[in-house]
There are 2 protein chains.
Amino acid sequence: MSNPQVIQRSASLQPMKTSCANCSMHQLCLPMGLDNADMDRLDQIIGRRRRVARGESLYRMDDPFSSLYAIRLGHFKTYQLNPAGEQQITGFQMAGELMGMDAISSDKHHCNVAALEDSEVCEIPFHRLEELFGVIPTLLRHFHRIMSQEITREQNAMLLLGNMRAEQRFAAFLVNLSSRYAARGYSSTSFQLRMSREDIGNYLGLTIESISRLVSRFRKLGWLGVDKREIELLDPERLKALAAGAETCPMT
Amino acid sequence: MSNPQVIQRSASLQPMKTSCANCSMHQLCLPMGLDNADMDRLDQIIGRRRRVARGESLYRMDDPFSSLYAIRLGHFKTYQLNPAGEQQITGFQMAGELMGMDAISSDKHHCNVAALEDSEVCEIPFHRLEELFGVIPTLLRHFHRIMSQEITREQNAMLLLGNMRAEQRFAAFLVNLSSRYAARGYSSTSFQLRMSREDIGNYLGLTIESISRLVSRFRKLGWLGVDKREIELLDPERLKALAAGAETCPMT
DNA sequence: CGGACTCTTGATTCGGTTCAAATATAGTGG
DNA sequence: CCACTATATTTGAACCGAATCAAGAGTCCG
């Protein structure tokens, strides 16, 4: 019998099977640190790889919870709706990040998730993942780290919303994106914003006009190059200092 | 050989052993839903029951992580320090709640924890807890729910800080305390604030003066009875409506 | 093109902060 | 117990940062 793996490797023209092993995010995502055998086990429980078109919802508040979602490709925003129907964006997610963990406690989703661009996610049925936890301790340990990271991320957002002035918030936002792109092997100084000014403002607890003014200000100071949604951090150190509160920002 | 459990039960004058089984919080805390045998297993890994005097730190940012802490008795605040040394309180914790989960991801604590009154915690060595996860699936499932709940809690705090006006925030804060006391079998309308006005303001992203004015306003409206830190919700429904944004609050 | 968004910029307003001062409360030691 | 001090809280007045209101310009896309 021929070895299917060898066949696949030689037949370079046929599309690779979508699997954790050949996903560029497997070093950041749930399968981090797993050996090939365990990664295969994880692959086997993954439901479908699902496409989500820009603007579409992956799930909504109060939807019954059954799966977590790992982002293969693209960007998402998660947001809550208050009783008046206004949204508060609680985060922007990119490839390799896991969504839906807030739903575990009550078996229904607590936020909405919408794609910021055409994207792809891996559906991970949670009950099957729980079965794997008993078999692959490494997976469980990494899952705990991911959940813990999510808690830390949100605590930082609270610090931002509760404590920082507008220019600090925006600088912190840019620096945060920068480091996340760096972790994915992309440029830390040059990237595209996938979200609108309105979304940025909403996330940062500011209005769209404030964001627009901040963009202009940072541009005039020579700290930022901006062309529509294309961003270049021209003075990352100063932006970091500003985010840290160690630097102030002239008004004009 | 005599059965020590029977002896303990009959000798009512000697103090009960501190254990999960005889802790009033075991229905809310980590051992929720465990049978007696499993609760004993959990008991055996719990390090010490540690007292923390009012104002004392349980742990600080950057301390190495080794244990989670469950509150047996008392109240705590968790807070972050920004690089300038200002604090942002990220939560107030009460009996039955678990602290330290944000430290799992990086093996060091990301926030400071201080006791708001003389308190007691159970130290839960995390590595030993991980061992138990393999033996008691119920415990693992509940642990995931607790972490998930923490994520949800913080998302709600983001909604509060990013979206709500001062009077909404304060109403939401009171309603939140109210429901947590109710869940513990205490009065939902009458309780003592364990934290200072300053702490409340810090948590809500407001100043101490704003809190003081809100207290006065709610008192004059007859929605709230206040005597120092003793609080009575005189019109809980209206406070809930205000927190939900369905009700406005006259200025004078 | 036209029409719908999205973004920018200016003028004005306002909610909440800051500054300031008075009062109340809790702790501490004589 | 009381005086003394440090700390916490309340209240008023002035100020300021960001929101709101308003108008225009740029951009996307059929």
Side-chain angles (χ1 to χ4, degrees), chain A residues 53-55 77 86 88-89 114 116-118 160-173 192-221 224-231 242 245 248-252, chain B residues 53-55 77 86 88-89 114 116-118 160-173 192-221 224-231 242 245 248-252:
Chain A
R54 176 196 166 120
K77 65 173 174 181
E86 300 162 309
Q88 168 69 37
I89 294 175
L116 294 171
E117 60 185 329
D118 292 351
L160 182 144
L161 289 169
N163 215 301
M164 296 187 185
R165 29 188 53 264
E167 65 247 29
Q168 276 185 286
R169 295 186 197 189
F170 187 53
F173 168 74
Q192 205 200 30
L193 299 174
R194 319 299 164 119
M195 66 295 285
S196 67
R197 305 279 197 270
E198 183 162 22
D199 282 346
I200 298 172
N202 183 297
Y203 174 65
L204 297 178
L206 301 168
T207 58
I208 181 175
E209 293 96 329
S210 293
I211 300 301
S212 190
R213 282 182 240 273
L214 286 164
V215 167
S216 303
R217 221 157 103 202
F218 285 7
R219 192 161 34 79
K220 279 172 194 154
L221 287 163
L224 205 60
V226 186
D227 178 26
K228 302 188 200 122
R229 293 191 176 182
E230 205 61 50
I231 290 285
L242 182 55
T248 55
C249 171
M251 262 317 275
T252 46
Chain B
R54 176 197 167 118
K77 65 172 174 181
E86 301 161 308
Q88 168 69 37
I89 294 175
L116 294 172
E117 60 185 329
D118 292 350
L160 181 143
L161 289 169
N163 215 300
M164 295 188 187
R165 25 198 30 269
E167 65 248 30
Q168 277 186 286
R169 294 185 197 189
F170 187 54
F173 168 75
Q192 204 199 32
L193 298 174
R194 319 299 164 119
M195 66 296 284
S196 67
R197 305 279 197 269
E198 183 163 20
D199 281 346
I200 298 172
N202 183 295
Y203 175 65
L204 297 178
L206 302 168
T207 59
I208 181 175
E209 292 95 331
S210 293
I211 300 300
S212 189
R213 282 182 241 272
L214 286 165
V215 167
S216 303
R217 222 158 101 202
F218 285 9
R219 193 161 34 79
K220 280 172 194 154
L221 287 162
L224 205 60
V226 185
D227 177 26
K228 309 200 195 108
R229 293 191 174 182
E230 207 59 52
I231 290 284
L242 182 55
T248 55
C249 172
M251 261 316 276
T252 46

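Residue numbering restarts at 1 for every chain, and letters A, B, ... go by the order of the sequence lines. For clarity, every value in this text was computed on a predicted model and none was experimentally measured.
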With a 4.0 Å cutoff (strictly under), does any side-chain N or O of B/Ser196 reach OP1 or OP2 of D/dT7?
no
When all nucleic acid strands are considered with a 4.0 Å heavy-atom cut-off, which category describes A/Arg169: base, sugar-phosphate, or nothing?
nothing
Who pairs with B/Glu167 by side-chain hydrogen bond (donor to acceptor under 3.5 Å, both in side chains), at least two apart in sequence or on another chain?
B/Arg217
According to the salt bridge (charged side-chain N to carboxylate O under 4.0 Å, His left out) rule, which pairs have a member within residues 194-205 of chain B, sequence neighbours left out?
B/Lys77-B/Asp199, B/Glu117-B/Arg194
Enumerate the residue pairs fulfilling ring pair (Phe, Tyr, Trp, His ring centres under 6.0 Å) with a member in residues 193-220 of chain B, sequence neighbours excluded, ordered by first and then second residue.
B/Phe92-B/Tyr203, B/Phe170-B/Phe218, B/Phe218-B/Trp223
Please check if atom CZ in B/Arg54 has more than 12 non-hydrogen atoms from other residues, nucleotides or ligands closer than 6.0 Å.
no
Length of the line joining B/Leu214:CG and D/dT9:P, which is rounded to integer Å
14 Å
Using the rule side chain to side chain contact (heavy atoms under 4.5 Å, CB included), only one of A/Ile200, A/Val226, A/Leu116, A/Val215 pairs with A/Leu193; which is it?
A/Ile200
Can you pull the salt bridge (charged side-chain N to carboxylate O under 4.0 Å, His left out) pairs that have at least one residue in residues 205-216 of chain A, sequence neighbours excluded?
none
For the side chain of B/Glu230 and the backbone of B/Asp227, is there at least one donor-acceptor N/O pair under 3.5 Å apart?
no
Do the non-hydrogen side-chain atoms of B/Leu161 and B/Arg169 ever get within less than 4.5 Å of each other?
yes
Indicate for each nucleotide in nucleotides 17-30 of chain D, in 5' to 3' sequence, whether protein heavy atoms under 4.0 Å reach the base (B), only the sugar-phosphate (S), or nothing (-).
-SSBB-----SS--
5'-most to 3'-most nt of DNA chain C touching chain B (<4.0 Å, heavy-atom partner on protein side) reads C/dG15 to C/dA26
